[in-house]
There are 2 protein chains.
Amino acid sequence: MPHPLITYLQRRDSLSDEEKSVLERMTHRQETIAVRTPIVRQGSRPTQSCVLLQGIAFREHLLRSGKRMISAVHIAGDFLDLNGMLLAKMDHGVRAASNCIVAWIPHGEIIRLSETHPHLGRLLWMTTVTDAALTRAAVSVVGRLPPPAKLAHMACELYLRMSEVGLAKNWSFDLAITQLDLADMFGLSTVHLNRSMQTLRATNAISWDGSRVVIHDWRKLTDIGEFDPTYLNLEPKPR
Amino acid sequence: MPHPLITYLQRRDSLSDEEKSVLERMTHRQETIAVRTPIVRQGSRPTQSCVLLQGIAFREHLLRSGKRMISAVHIAGDFLDLNGMLLAKMDHGVRAASNCIVAWIPHGEIIRLSETHPHLGRLLWMTTVTDAALTRAAVSVVGRLPPPAKLAHMACELYLRMSEVGLAKNWSFDLAITQLDLADMFGLSTVHLNRSMQTLRATNAISWDGSRVVIHDWRKLTDIGEFDPTYLNLEPKPR
DNA sequence: CGCTTTATTGACCCGAATCAAGTAGAGTGG
DNA sequence: CCACTCTACTTGATTCGGGTCAATAAAGCG
């Protein structure tokens, strides 16, 4: 399988062979993480960042009241906490939603890279900016879409993102996320999330049982979820 | 008045005189923007970014259904669309909430700067990462805080951010944002926003009439808003 | 000083949380 | 291999938060 971070970046800009090999070398320190384990802890001060190579992870934020909000889902190829390099202290955590493989990169190495390979540095910058765009989209989804539309929007987003790195094809993909987590992703109760899921299924645009998601009618699904892929920043462009 | 972007960056890392003068020169192309005018349009492909030097602006996202969501408020010193440099097409717009002064910077100039002044480049990267942290906080606020807490959280955030650049002192500041905009910031109806505002006022932690915000009890306000300033990334650290 | 925009209030109703069970799988150990 | 347990999912009943509609008051502003 090709390196998912390289696949991700090449989709958006061209990489020289030198740059590709820098990335390969940079991601050799791999580690396996068990399902539901924290990968980065809220409140910590990390000295390295990591790239997700396999599995599903999500960012979670614990509030003082004990409530939890999940602000992003990550798939192979995503940097999980590159933000952490430029922030002092983690305002949120990252947790494995399935068994995962990550590659750790010390911050110093990334800073050096931004000096020696500025173009690659800008591409890493771009990954954080694209990530921010996903978070902005999450604000609109949480704040303004009716619950079944939230689920539809998420299915559309993940289908496109997973397709990019070869994890989705023929209108279907695997998504190891429980309804409990989905509820915390949209600010809903689990009961209501479950009912919204049933409403969405009843449209016949999609089937979503357990971790198997199959899209039957893309057009209808994007209409329900008011989905506009602009924010995924899928267009190639020199940066 | 000192340059707000320089103030903002110096708060988080030290700047050389050379870097300061690069920033000064970079922001000389200033423009005045009238209240409620779009500064950057959703769907456009900008070739320059801008820094807000005076006034209040916000990011807004228009959904297909016609609903609007505001995902961030910007004050003097904030880059308004540095993201736009690394994204192909704007997934959201930026609009002036008051009369504003902005400084335009062509993208080419920022890219050049990332090659000639990598440290400054990383600080600009940091501004986008801090901005992303604000957006993540917004997800939690919108998704999990009760309405009066949303307002309290926002008052805490803006008091600290405005203090940084000298726009707030003695527990009070001016905030030219209508209740209509506040409602779109939290995904509420204007009616309910108004009622939540009254509930918050009734706690006596704050008074908030029109654009004048006065904080009477910081501790109480942060408790109501479950406010944790970590995400504001206020700690100095070499980057 | 009229006119438009913003803030406020009341009545009504629906959507979503909460509480409380119950069901179905997936592992686990005897 | 089956009972046991744990977790995830599903359902029903009830309560309450928040939206919508409609009208009025109060500011700004030209």
Side-chain angles (χ1 to χ4, degrees), chain A residues 34-37 56 58 63 65-70 95-99 141-152 174-203 206-213 224, chain B residues 34-37 56 58 63 65-70 95-99 140-152 154-155 174-202 206-213 224:
Chain A
V35 56
R36 225 148 302 135
T37 313
I56 303 272
F58 51 74
L63 306 203
S65 57
K67 286 177 185 151
R68 182 180 70 147
M69 190 76 193
I70 293 178
R95 186 181 292 269
S98 69
N99 292 316
V141 167
V142 172
R144 287 296 186 205
L145 292 190
K150 293 181 210 267
L151 284 160
D174 256 304
L175 187 61
I177 300 186
T178 67
Q179 291 191 0
L180 207 142
D181 291 332
L182 288 171
D184 276 338
M185 210 165 280
F186 299 131
L188 298 172
S189 66
T190 54
V191 172
H192 195 59
L193 184 107
N194 181 277
R195 288 178 172 139
S196 307
M197 179 71 94
Q198 292 174 44
T199 306
L200 179 63
R201 287 187 192 119
T203 64
I206 192 172
S207 50
W208 187 331
D209 287 289
S211 67
R212 194 75 202 151
V213 182
I224 295 170
Chain B
V35 55
R36 222 149 304 134
T37 312
I56 303 271
F58 51 74
L63 306 201
S65 58
K67 285 175 188 151
R68 181 180 72 147
M69 190 76 193
I70 293 177
R95 187 180 293 269
S98 69
N99 292 318
S140 296
V141 168
V142 172
R144 288 294 185 206
L145 293 190
K150 293 181 213 264
L151 284 161
M154 162 157 217
D174 256 303
L175 187 60
I177 300 187
T178 65
Q179 291 192 357
L180 207 143
D181 290 333
L182 288 172
D184 277 338
M185 210 165 278
F186 299 131
L188 299 172
S189 68
T190 54
V191 172
H192 195 58
L193 184 108
N194 181 277
R195 288 180 172 138
S196 307
M197 180 71 93
Q198 292 173 45
T199 307
L200 179 63
R201 285 187 194 121
I206 192 171
S207 52
W208 187 330
D209 287 289
S211 67
R212 195 73 202 154
V213 181
I224 296 171

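FYI, side chains are in, hydrogens and waters are out, and symmetry mates aren't considered; it's all heavy atoms of this structure. Just so it is clear, the model here is predicted, and its values are computed rather than measured.
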Specify the residue among Leu188(B) and Gly210(B) whose closest nucleotide of DNA chain D lies further upstream toward the 5′ end. Leu188(B)

Any side-chain N or O of Gln198(A) less than 4.0 Å from the OP1 or OP2 oxygen of dT11(D)? yes

Separation of atom CG in Leu182(B) from atom P in dA7(C), rounded to whole Å: 8 Å

Got a second to check how far Met197(A)'s CE is from Leu182(A)'s CG, nearest 0.5 Å? 5.5 Å

Counting any heavy atom closer than 4.0 Å, what does Ser189(B) reach on the DNA or RNA strands: base, sugar-phosphate only, or nothing? base

How many Å lie between CG on Leu180(B) and P on dA27(D), as a whole number? 18 Å

How many whole angstroms separate atom CE of Met197(A) from atom P of dC9(D)? 8 Å

So Arg201(B), base contact, sugar-phosphate only, or nothing? Heavy-atom distance under 4.0 Å. sugar-phosphate

Would you mind reading off the distance between Arg36(B) atom CZ and dT4(C) atom P, rounded to a whole angstrom? 15 Å

For the atom pair CZ (Arg195(B)) and NE2 (His192(B)), what is the distance rounded to the nearest 0.5 Å? 9.0 Å

In this structure, how many angstroms lie between the P atom of dT6(C) and the CG atom of Asp184(B), rounded? 12 Å

Once you round it to whole Å, what is the distance between C1' of dC9(D) and CD of Gln179(A)? 6 Å

With side-chain contact (heavy atoms from CB on, under 4.5 Å) as the test, pick out the partner of Asp184(A) among Leu193(A), Thr190(A), Thr178(A), Ile70(A). Ile70(A)

Between dC14(C) atom C1' and His192(A) atom NE2, what is the distance in whole Å? 11 Å

Under 3.5 Å donor-acceptor pair, Arg195(A) side-chain atoms to dG15(C) base atoms: no

Toward the 5' end of DNA chain D, by each residue's nearest nucleotide, Val191(B) or Asp209(A): Asp209(A)

Spacing of Asn99(A) atom CG and Thr37(A) atom OG1 [to the nearest 0.5 Å]: 8.0 Å

Give Pro146(B) one of three labels, base, sugar-phosphate or nothing, depending on what nucleic acid heavy atoms sit under 4.0 Å from its own. nothing

Just by modelled atom types, is the Arg95(B) backbone N or O under 3.5 Å from a matching donor or acceptor in the Arg36(B) side chain? no

Taking atom P of dT6(C) as reference, at what distance in whole Å does atom CG of Asn194(B) sit? 14 Å

